[in-house]
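What's counted below: heavy atoms across the whole structure, side chains too, no hydrogens, waters or symmetry copies. Counting convention: from 1, in listed order, for ligands and their atoms alike.
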Amino acid sequence: MRIIKQDSESTPEVSAPAKSRRPVRGSHLPLRQRRALKGSDLPEPVEEPVARVDKAAGPAADQSRRRGRPKAGPQTHPPRSGQGARHEEGVERKLRSGRDAARRHPVRGDKEREQRRPQPARKAAAGPQHFFVAGPRGLEQELARELAELGTEAVEAGSGGVRFTGEIAQAWKINLWSRLAIRVLQQVAHGHYKNEDDLYRAARELPWPEWFPLGRTIAVTTVAHRCPLKSLNFASLKIKDAVCDRFRDLTGARPDVDARTPDVPILLYLTEDSYTLYLDLTGEPLNRRGYRVQAAKAPLNENLAAGMLRLAGWTPKMPLLDPMMGGGTILLEAVLMALNIAPGLRRHFAFENLNSFDRVEWARLRKNAQAEQKEKRALPIYGCDIDPRMVHATETNLRAAGLLECVTLREADALEVEAPARVGVIVSNPPYGVRLEHEDMAAFYQGLGDNLKRRFAGWNAYLLSADVELAKHIGLKASRRTPLFNGPLECRLYEYRIVSGQMRRPRAPA
Ligand SMILES: C[S@@+](CC[C@H](N)C(=O)[O-])C[C@H]1O[C@@H](n2cnc3c(N)ncnc32)[C@H](O)[C@@H]1O
């Protein structure tokens with residue numbers, strides 16, 4: 001029997017080598033991966049290089065072995081994407097596929113290989129596990145509240161997400177129900193490292209074949225914060241090699257790599273001296289609900305839209321208006337909330353590919369979710385946009401979701417639109433200079449403020465903007481400003497309580 005040992009130092013399955021130290025977030029990635037990064041849970045890139053080549057030199061082997069041992073236990077430094085993340089080094093490196101070496105060079109008969117294939121081991125996820133639920137920056141507390149409402153115990157909001165310890169089925173439920181989360185990660189190891197070899201050793205000790213079968217494809221993504229390693233691509237490669245080598249030891253064959261749509265996405269998170277390995281239970285980010293079929297100008301991420309509705313304290317009985325609805329993301333999220341539709345009902349998840357997956361329990365969760373949906377009906381949810389193409393886009397998206405009958409849409413100017421009810425809530429993200437060109441933003445914001453005062457007394461308005469000009473020119477006093485991130489854009493969600501006879505504040509000097 002000949003076992004083909006692939007040299008993990010020089011495996012041919014690397015994508016492009018790491019290029020420059022990324023001045024623009026994700027700009028080094030293929031378009032698809034850049035899209036995946038947009039508004040995702042991954043940290044922002046640093047402005048200046050932080051990796052130092054000289055620090056990447058390896059420590060003594062015995063020391064590294066000691067430091068590199070994986071520890072089960074709560075991570076101390078989860079993947080972050082909070083405001084501090086602007087200082088973080090965030091890079092996604094996925095390894096490009098080569099096909100299975102074992103397939104090209106069979107090392108033993110199929111039967112023998114089948115016999116040695118690890119059997120599904122449900123115990124891999126029996127008992128409480130540690131999870132990190134990544135969410136939009138600025139919405140961590142709201143995400144923690146949402147997870148608690150979903151029955152998650154002992155949630156702890158951190159930067160860029162929420163930690164909890166619980167049963168694996170709770171993680172499935174969060175994937176199915178969370179409107180705010182981006183992804184759910186199951187921690188499988190945490191420890192210290194100095195160099196890539198430490199990472200390799202730590203990953204190779206892990207029982208990967210207990211967690212997923214050989215036939216599943218993998219991809220490793222590395223996200224780092226102040227990581228001293230020269231190449232995160234190489235770190236991903238070492239983890240991939242460790243997983244493959246572990247499989248090969250046990251089965252004589254190794255899993256394939258699929259950089260684009262892996263069955264089992266693996267995430268490595270590095271800080272200055274610690275690593276954490278996760279199985280990504282989600283796959284495609286949770287904000288991809290699958291209903292937004294027609295693109296709009298500067299669309300919001302679905303989970304940010306849902307978070308705005310929660311921060312606004314909107315409940316389904318309150319009239320809701322988005323007077324600058326674009327592709328209708330806020331309206332769609334509101335309808336899903338009002339009808340209690342689980343946002344994950346239409347899609348598949350990476351956890352379905354793991355040995356811990358329990359088809360029966362999952363079917364039960366889905367069935368319950370379907371049973372909890374409310375009847376479709378006309379709701380006091382209203383939207384308008386000055387651009388007829390946007391009205392059409394919203395209609396198309398709502399129709400694709402089967403929810404068009406629930407909302408009232410029209411083409412209208414937000415500077416003149418009438419209130420559709422005596423009291424209610426406006427949730428919207430007006431155009432702003434950074435993303436959309438508007439002839440005269442100051443005049444626009446002033447006109448918007450004037451219309452709110454004239455026609456919306458008794459309403460509360462929640463406007464998301466990255467443009468400080470809005471606060472200056474709208475002529476209303478914000479009662480709350482909540483920092484939020486719309487992708488890389490730092491924004492504020494301004495709360496305006498509109499009362500009748502509200503006086504214009506003196507305009508900021510030009
Ligand atoms: C930032 S986009 C909204 C995106 C939307 N939230 C989404 O997720 O698709 C701003 C929208 O305001 C609309 N708009 C600009 N000026 C307007 C006006 N005077 N009245 C109504 N809508 C306007 C634009 O056509 C654009 O669709």
Side-chain angles (χ1 to χ4, degrees), residues 35 38-39 136 179-180 287-309 311-312 314 320-337 343 381-401 403 407-420 425-452 454-456 461-467 469-470 473-474 484-494:
R35 285 213 193 99
K38 250 177 80 180
R179 302 182 194 282
L180 303 193
N287 56 292
R288 307 249 176 92
R289 317 263 202 248
Y291 57 66
R292 213 161 55 179
V293 290
Q294 183 140 348
K297 306 173 198 169
L300 282 178
N301 264 344
E302 291 87 336
N303 43 20
L304 178 58
M308 288 164 63
L309 287 163
L311 287 171
W314 176 77
L320 173 75
L321 168 68
D322 180 353
M324 294 155 281
M325 66 188 174
T329 316
I330 293 169
L331 305 176
L332 267 154
E333 288 302 314
V335 176
L336 293 178
M337 284 162 87
I381 296 179
Y382 307 88
C384 63
D385 200 288
I386 201 167
D387 184 341
R389 291 167 305 169
M390 292 301 102
V391 180
H392 180 69
T394 298
E395 265 173 17
T396 307
N397 291 333
L398 279 159
R399 191 177 294 111
L403 301 171
V407 298
T408 307
L409 305 177
R410 57 185 279 235
E411 187 186 321
D413 186 344
L415 309 194
E416 289 170 5
V417 72
E418 304 268 350
V425 179
I426 289 176
V427 180
S428 196
N429 75 308
Y432 37 92
V434 183
R435 295 185 77 169
L436 293 173
E437 283 175 20
H438 212 277
E439 285 163 13
D440 180 352
M441 294 311 293
F444 176 76
Y445 294 140
Q446 186 187 326
L448 183 62
D450 287 348
N451 196 35
L452 292 180
R454 195 176 320 130
R455 297 194 170 101
F456 287 84
Y462 295 81
L463 303 177
L464 181 78
S465 184
D467 193 343
E469 298 298 306
L470 180 141
H473 296 286
I474 198 162
L484 290 176
F485 283 79
N486 183 11
L489 285 181
E490 185 173 349
C491 300
R492 294 280 179 280
L493 182 66
Y494 296 98

Hey, could you give me the CG/CE distance between Leu493 and Met308, rounded to the nearest 0.5 Å?
-> 5.5 Å

Atom CG of Leu180 and atom CG of Leu311: how far apart are they, to the nearest 0.5 Å?
-> 8.5 Å

For ligand 1, which atoms, with element, lie under 4.0 Å from some heavy atom of Ala298?
-> 1 (C), 4 (C)

For ligand 1, is any non-hydrogen atom under 4.0 Å from Ala305's backbone (N, CA, C, O), its side chain (CB onward), both, or neither?
-> neither

Heavy-atom contacts with Asp387 under 4.0 Å: which atoms of ligand 1 show up? List them by number with element.
-> 25 (O)

Using ring-ring contact (aromatic ring centres under 6.0 Å, His included) as the criterion, list what pairs up with Tyr494, not counting sequence neighbours.
-> none

Note, Asn397 side chain near Leu331 side chain (heavy atom, < 4.5 Å) | no

Of Pro430, Ala414, Pro431, the residue with the heavy atom nearest atom 20 (N) of ligand 1 is Ala414

Rounded to the nearest 0.5 Å, the CG atom of Leu452 sits from the CG atom of Leu463 at a distance of 6.5 Å

Note: ligand 1 atoms sitting under 4.0 Å from heavy atoms of Met325 are 5 (C), 6 (N), 7 (C), 9 (O)

Pro299: numbered ligand 1 atoms lying under 4.0 Å from its heavy atoms = 7 (C), 8 (O), 9 (O)

Can you run down the salt bridge (charged side-chain N to carboxylate O under 4.0 Å, His left out) pairs that involve residues 407-419, sequence neighbours left out, and say none if there aren't any?
-> Glu418-Arg455

Atoms of ligand 1, numbered as shown, that sit under 4.0 Å from any heavy atom of Gly327 = 7 (C), 9 (O)

Nearest to atom 6 (N) of ligand 1 by heavy atom, Thr394, Asn429, Leu464, Ile386: which?
-> Asn429

Point-to-point distance, once rounded to the nearest 0.5 Å, from CD of Glu302 to CZ of Arg289 | 6.0 Å

Just which atoms of ligand 1 are under 4.0 Å from any heavy atom in Pro323?
-> 21 (C), 22 (N)

Looking only at heavy atoms, is any part of Ala412 under 4.0 Å from ligand 1, and if so is it the side chain, the backbone, or both, or is it neither?
-> backbone

Within 4.0 Å of some non-hydrogen atom of Asp413, the atoms of ligand 1 are 18 (C), 19 (N), 20 (N)

Quick look: Met324 vs ligand 1, heavy-atom contacts under 4.0 Å, and the answer is both

Calculate, to the nearest 0.5 Å, the distance between atoms CG and CZ belonging to Leu415 and Phe444 respectively.
-> 5.5 Å

